[in-house]
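First up is the structure itself, then whatever we jot down about it.
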Amino acid sequence: MTMLDTILHRRSVRQYTDSPIPQDKLNAILYAGLAAASSKNRKPWEFVLVENRDTLNQLCNCRQGAANLLGKCKAAIVVAADSDLVDVWVEDCASAITQMHLTADALGVGSCWLQVRLRKSPDGITDTQDIVRNVLGIPEKYSVMAILTLGMPASHPGSKEICDLPLEKIHREHF
Ligand SMILES: Cc1cc2nc3c(=O)[nH]c(=O)nc-3n(C[C@H](O)[C@H](O)[C@H](O)COP(=O)(O)O)c2cc1C
């Protein structure tokens with residue numbers, strides 16, 4: 001499989017089986033995140049791996065729609081960052097999450113990005129990241145960017161085909 005094949009195969013997987021995720025696969029996914037490029041090599045991200053069912057259930061009310069994912073997944077990686085370390089911590093976190101999302105798919109583990117930053121809980125008032133911080137004991141100075149839900153796929157939407165990509169978004173020489 002080429003890298004492009006791997007990238008085309010990656011999909012958001014939101015349906016999971018009851019099977020456990022092998023620990024070596026979870027470790028590989030975390031290592032992929034740690035190996036991400038980061039501005040000035042500052043590595044502002046922190047990853048919290050959550051496998052405990054009660055903790056995953058507590059996270060379910062962090063935002064609308066979260067219960068659908070966190071209530072069914074077997075594990076989740078919460079990505080937070082020390083935003084004082086570098087001004088482009090959002091990009092750094094996105095890079096790490098993308099590498100973990102891709103690695104999960106390549107290892108046959110389903111995953112989905114659940115947005116936390118800039119989102120509110122179902123009450124419409126509380127910031128999603130405040131709920132996540134409280135449940136996981138993440139210190140106030142860390143911004144919570146997203147949660148990558150993980151589980152063995154009950155179904156996979158299937159690879160993308162080159163012909164289905166929005167090729168009109170590629171511009172050559174001029175916009
Ligand atoms: C920044 C970002 C935020 C996302 N937030 C959510 C989310 O909160 N819930 C969700 O189910 N999917 C979320 N997704 C997944 C997208 O819906 C998904 O990537 C998109 O529909 C394309 O589908 P694909 O990943 O299968 O290619 C997010 C993706 C990104 C990159």
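We count ligands from 1, going down the list as the structure has it; atoms in each ligand are counted the same way. Since we're looking at a predicted model, the values are computed, not measured.
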Polar side chain donor-acceptor pair, [X] to [Y], under 3.5 angstrom:
{"X": "Asn41", "Y": "Lys43", "result": "yes"}
{"X": "Thr149", "Y": "Tyr16", "result": "yes"}
{"X": "Arg133", "Y": "Gln129", "result": "yes"}
{"X": "Gln115", "Y": "Trp113", "result": "yes"}

Worksheet, complete the sentence: So CG of Leu114 and SG of Cys112: to nearest 0.5 Å the spacing works out to 7.0 Å
Starting from [atom], what is the nearest protein heavy atom, named by residue and atom, and what distance separates them?
{"atom": "atom 16 (C) of ligand 1", "value": "Arg14 NH2, 3.8 Å"}
{"atom": "atom 8 (O) of ligand 1", "value": "Arg63 NH1, 2.7 Å"}
{"atom": "atom 27 (O) of ligand 1", "value": "Lys160 NZ, 2.5 Å"}
{"atom": "atom 14 (N) of ligand 1", "value": "Trp113 O, 3.3 Å"}
{"atom": "atom 19 (O) of ligand 1", "value": "Ser12 OG, 3.3 Å"}

Item to complete: Using a strict 4.0 Å cut-off to heavy atoms of Arg11, name the atoms of ligand 1 that fall inside it.
Response: 24 (P), 26 (O), 27 (O)
Item to complete: Scan the protein's non-hydrogen atoms and note whether one is under 4.0 Å from atom 22 (C) of ligand 1.
Response: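 It does not; no protein heavy atom is within 4.0 Å.
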Discussion item. Quick check: do His156 and Arg10 have side-chain heavy atoms less than 4.5 Å from each other?
Written reply: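 A side-chain contact under 4.5 Å is absent here.
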Discussion item. Less than 4.0 angstrom from a charged side-chain N to a carboxylate O is my criterion; do Lys141 and Asp82 meet it?
Written reply: yes
Worksheet item: Under 4.0 Å from ligand 1, counting heavy atoms only, is it the side chain of Cys112, its backbone, both or neither?
Response: side chain
Item to complete: Could you see which bit of Arg119 sits under 4.0 Å from ligand 1, with heavy atoms only: side chain, backbone, both or neither?
Response: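 It is neither part, as no heavy atom is under 4.0 Å.
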